[in-house]
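Here is the structure we will look at, set down as structure tokens.
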Amino acid sequence: MSHKVSAKASASWEHIINDASIITRENIALCCRGCNASKGQKTLSDWLESKYCKERGISPDSVAPIIKQAISNGQ
């Protein structure tokens with residue numbers, strides 16, 4: 001049995017700091033395309049305050065450890 005993943009749910013790499021030239025482990029997070037598109041050029045703090053995150057229960061407490069680290073570093 002094959003399961004199709006919707007485009008929004010498929011995985012993509014997100015730059016935590018919106019600079020494509022920073023390709024370190026600390027600046028790249030695997031996320032769904034929906035979250036990646038929603039974040040766009042926003043900072044993490046602005047994105048976490050967005051309607052998108054609030055409607056989905058995405059908060060500083062619910063994100064991956066790499067995102068928590070970026071937040072603690074002022075992102």
Side-chain angles (χ1 to χ4, degrees):
M1 182 153 104
S2 172
H3 295 284
K4 284 191 121 182
V5 175
S6 75
K8 282 185 176 180
S10 64
S12 76
W13 293 105
E14 166 64 28
H15 289 88
I16 297 167
I17 299 170
N18 295 318
D19 184 339
S21 68
I22 304 173
I23 50 173
T24 62
R25 274 187 236 173
E26 296 78 22
N27 193 47
I28 302 289
L30 189 61
C31 64
C32 72
R33 289 186 190 276
C35 285
N36 195 341
S38 169
K39 181 177 175 286
Q41 294 296 310
K42 297 176 194 79
T43 63
L44 276 177
S45 57
D46 287 343
W47 180 67
L48 288 166
E49 290 296 318
S50 72
K51 180 181 175 186
Y52 179 92
C53 289
K54 290 181 180 191
E55 287 177 346
R56 289 162 179 79
I58 301 170
S59 72
D61 294 327
S62 70
V63 294
I66 193 166
I67 303 300
K68 288 179 182 177
Q69 182 65 43
I71 293 167
S72 72
N73 290 337
Q75 299 302 315

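Residues: numbered from 1 along the sequence shown. This one's a predicted model, so the numbers in the text were calculated from it and none came from an experiment.
- Atom OG of S38 and atom NZ of K51 lie 11.0 Å apart (nearest 0.5 Å).
- Membership of the apolar cluster around W13 extends to I28, L30, as traced through chained side-chain contacts below 4.5 Å between ILVMFWY residues.
- Between the side chains of D61 and S59, no donor-acceptor pair of N or O atoms lies under 3.5 Å.
- Nearest heavy atom pair, residue C32 against residue A9, reads CB-O, 3.9 Å.
- Listed by chain and number, the hydrophobic cluster partners of I71 are I16, L44, W47, L48, Y52, I58, V63, I66, I67, where partners are ILVMFWY side chains within reach of under 4.5 Å, directly or through others.
- For the atom pair OG (S50) and CD (E55), the distance works out to 8.5 Å, reported to the nearest 0.5 Å.
- Remark: Q75 CD to Q69 CD distance equals 10.5 Å, nearest 0.5 Å.
- At a threshold of 4.5 Å between non-hydrogen side-chain atoms, the residues C31 and S12 count as touching.
- Among all heavy-atom pairs drawn from G40 and E14, the shortest one is O-OE2, 4.3 Å.
- Checked by atom type, the side-chain pair K42/N18 shows no donor-acceptor distance below 3.5 Å.
- At least one side-chain heavy atom of H15 sits less than 4.5 Å from a side-chain heavy atom of I23.
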